[in-house]
Protein chains: 2
Amino acid sequence: MQSNRYKAMDKRAFKDQAYTEISRITKALSGPARLEIIDFIANGPKSVEEIARQTALNIANASQHLQVLRKERLVKTTRKGNFVYYSLASEEVYYVWKSLRDLTLNTSPIVSQLLTETRNAYEIPEPVVWEDVKGRNDVFLLDVRPKDEFEKGSMANAVSLPLDELTDKLDIIPRDKMVLTYCRGMFCFYADEAVQLLQSKGYNARRLEEGVLDVKETDK
Amino acid sequence: MQSNRYKAMDKRAFKDQAYTEISRITKALSGPARLEIIDFIANGPKSVEEIARQTALNIANASQHLQVLRKERLVKTTRKGNFVYYSLASEEVYYVWKSLRDLTLNTSPIVSQLLTETRNAYEIPEPVVWEDVKGRNDVFLLDVRPKDEFEKGSMANAVSLPLDELTDKLDIIPRDKMVLTYCRGMFCFYADEAVQLLQSKGYNARRLEEGVLDVKETDK
DNA sequence: ATTCTATTCTAGTATTCTATTGAATTGTTT
DNA sequence: AAACAATTCAATAGAATACTAGAATAGAAT
């Protein structure tokens, strides 16, 4: 009781600590490398090796970044055989990432500019936004991510055909529908590469701007 | 064309720049002082002086922090007479703040702990969550923030009675209903102070855990 | 038990950023 | 011109950053 009195916080001290705590977590996410890691592992558990390869970091460095995220409990790990798999600790982590990304897209036009520039450089056609096509039934939804990511969760009625199997299994794609590809999200080019391939084979193909995690209509 | 080729970005370069851009914006928000500023001015435009007072910073320092936010276009300013009023540049900024706050509340129990400790120290009763009371019609919703914040936007059916006018105008509060006070949000103690006052006058009063901005049922 | 392999830790470095404040300055109002 | 709010400047001290190489660890496979 008495000791409670002494420890008792005034309101200013509480605020200082509360905002500092939120600040700590914000700083833990705030490096480019860690933002990219979060964007990546949101699609499913990944080993340190995969994360390092995807983000072009060396392994020790990727591990360091993962420790920073783990210290703040933003990611969790599971071990399978020899590998440690990292994934997001909660949905809230993804919401933060998503809101930061959307804020940036609205606030500084640079990212969207760079994105279209990059697409132009590769002669990739403009993406289609989900809002414009979600009602239609003359489209064929194609998930070109690795199988395990598809199985963890996919868009409703989507068919899985990972990018590297695309050439072999073209026959499962109908020629009378518009093929809509999608992948991990706005900053992932798998869907664009798929579109290029499909168009070169005479399909009517476009990519979806959003990824699975940005859209409500999902399975699982 | 040619020059486009040379400037053309490869995918890795795009990613580096995109995540770096998001990182820049994230770092701009990530200090405790700036998080508090955002939380504060979300309720309405505030002068530098008010912001400095609220956050216990000196004026020069508060201004510095505001410049950081302005450089990243997270806040906007209007001038009235001698004063410059700062407010959030867009709703997205608030969403980011909200998602960071909610992530922290879920991820590290410290903040909630400190909050209840502080309330205990002042012998403030436990808050009520909106979800539990929003259907009921035997409650009297009381907005104890300054008038201008109320006018900018309030909860549906709420009555405005700023904290410092409360003692004078007690007669407008019905005695047969439960009085529910609310203010700027979870880290604001105005509503708690109002509850203490009201309870001492024999009212059945509780505070709402959430603030206006966390609840859907609002006017304006 | 040993070997193997993926991951983590340690330590060091160089760099960059941080918040803060008093004083000088700008710009507005009266 | 005087008063006032806000901004900028300059300087400080301290902390945090990302990264890397090499050693250490911890499980799994043999």
Side-chain angles (χ1 to χ4, degrees), chain A residues 12 15-38 40-41 45-87, chain B residues 12 15-38 40-41 45-87:
Chain A
R12 183 68 251 165
K15 286 185 186 178
D16 283 345
Q17 296 192 52
Y19 291 109
T20 302
E21 187 71 14
I22 300 175
S23 172
R24 281 214 354 261
I25 291 196
T26 309
K27 282 178 199 294
L29 309 151
S30 77
R34 291 192 294 274
L35 288 170
E36 184 169 3
I37 289 173
I38 287 166
F40 181 48
I41 67 179
K46 303 286 172 185
S47 71
V48 178
E49 203 189 10
E50 290 174 295
I51 293 168
R53 194 174 343 114
Q54 170 77 16
T55 56
L57 301 168
N58 79 31
I59 294 208
N61 197 11
S63 181
Q64 298 275 46
H65 283 299
L66 287 164
Q67 301 321 307
V68 174
L69 292 171
R70 181 152 68 172
K71 202 163 288 167
E72 298 298 340
R73 286 185 297 255
L74 300 172
V75 297
K76 61 183 177 209
T77 57
T78 50
R79 189 167 203 128
K80 258 189 196 133
N82 234 329
F83 297 83
V84 176
Y85 290 91
Y86 281 84
S87 50
Chain B
R12 183 69 249 164
K15 286 186 185 177
D16 283 346
Q17 296 193 51
Y19 291 110
T20 301
E21 188 70 14
I22 300 176
S23 171
R24 282 215 352 261
I25 292 197
T26 308
K27 282 179 199 294
L29 310 150
S30 76
R34 291 192 294 274
L35 289 170
E36 185 169 4
I37 289 174
I38 287 167
F40 180 48
I41 67 180
K46 302 286 173 186
S47 70
V48 179
E49 205 189 9
E50 290 174 296
I51 293 168
R53 191 169 350 109
Q54 170 76 17
T55 55
L57 301 169
N58 78 31
I59 295 207
N61 196 10
S63 181
Q64 297 276 42
H65 283 298
L66 287 165
Q67 301 320 308
V68 174
L69 292 171
R70 183 154 66 172
K71 202 162 291 167
E72 299 298 340
R73 288 186 295 257
L74 300 172
V75 298
K76 63 182 175 210
T77 57
T78 50
R79 191 167 200 126
K80 255 186 200 140
N82 231 331
F83 297 84
V84 177
Y85 290 90
Y86 281 85
S87 50

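Values in this document were obtained by computation on a predicted structure and should not be read as measured data. Below, chain A is the first sequence line, B the second, and so on; all start at residue 1.
Every residue was checked against the ring-ring contact (aromatic ring centres under 6.0 Å, His included) condition with A/Tyr86, not counting sequence neighbours, and none meets it. B/Lys46 is linked by a side chain to side chain donor-acceptor pair (under 3.5 Å) to B/Glu149, counting only residues two or more places apart in sequence or in another chain. By the salt bridge (charged side-chain N to carboxylate O under 4.0 Å, His left out) test, B/Arg79 pairs with no residue at all, sequence neighbours left out. Under the salt bridge (charged side-chain N to carboxylate O under 4.0 Å, His left out) criterion, A/Arg73 pairs with no residue at all, not counting sequence neighbours. Scored by the side chain to side chain donor-acceptor pair (under 3.5 Å) test, A/Lys15 finds no partners at all (sequence neighbours excluded).
If you measure from atom CD1 of B/Ile59 to atom P of D/dT8, you get 15 Å, rounded to the nearest angstrom. Atom pair A/Asn82:CG and D/dT30:P shows a separation of 11 Å (rounding to whole Å applied).
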Donor-acceptor contacts under 3.5 Å from residues 48-57 of chain A side chains, at least two apart:
{"unit_1": "A/Glu50", "atom_1": "OE1", "unit_2": "A/Ser47", "atom_2": "N", "d": "2.9"}
{"unit_1": "A/Glu50", "atom_1": "OE1", "unit_2": "A/Ser47", "atom_2": "OG", "d": "3.3"}
{"unit_1": "A/Thr55", "atom_1": "OG1", "unit_2": "A/Ile51", "atom_2": "O", "d": "2.7"}

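Side chain of A/Thr77 to backbone of A/Tyr85: no donor-acceptor contact under 3.5 angstrom is found.
Put simply, B/Tyr86 has no side-chain N or O that comes within less than 4.0 Å of OP1 or OP2 on D/dA5.
Rounded to the nearest 0.5 angstrom, A/Ile38 CD1 and A/Leu29 CG are separated by 4.5 Å. With rounding to the nearest 0.5 angstrom, the CD1 atom of B/Ile41 is 10.0 Å from the NZ atom of B/Lys76. One finds the CZ atom of A/Arg70 at 4.5 Å from the CD atom of A/Gln67 (value rounded to the nearest 0.5 Å). In this structure, CG in B/Leu66 is found 6.0 Å from CG in B/Leu69, a value given to the nearest 0.5 Å.
The two atoms that bring A/Asp16 and A/Thr20 nearest to each other are O-OG1, 2.5 Å, heavy atoms only. A/Ser30 approaches A/Leu35 most closely through the heavy-atom pair O-CD1, 4.2 Å. Listed here is the closest heavy atom pair of A/Pro32 and B/Ser23: CD-OG, 3.3 Å.
Counting 5' to 3', DNA chain C first comes under 4.0 angstrom of a heavy atom of chain B and last does so at the ends given by C/dA19 to C/dT29.
Of the residues in residues 69-78 of chain B, none lies under 4.0 Å from DNA chain C by heavy-atom distance. For the contact set between residues 46-53 of chain B and DNA chain D, defined by any heavy atom under 4.0 Å, the members are B/Ser47, B/Val48, B/Glu49.
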**Request:** Mark up nucleotides 14-24 of chain D, 5' to 3', with B wherever a protein heavy atom is under 4.0 angstrom from a base atom, S wherever such an atom reaches only the sugar-phosphate, and - elsewhere.
**Result:** ----SSB----
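Secondary structure note: stems in DNA chain D built from 3 or more consecutive Watson-Crick or G-U wobble pairs under 3.5 Å occupy C:1-30 with D:1-30.
For residues 18-37 of chain A, the pairs satisfying salt bridge (charged side-chain N to carboxylate O under 4.0 Å, His left out) are A/Glu21-A/Arg24, A/Arg24-A/Glu72, A/Glu36-B/Arg12, with sequence neighbours left out.
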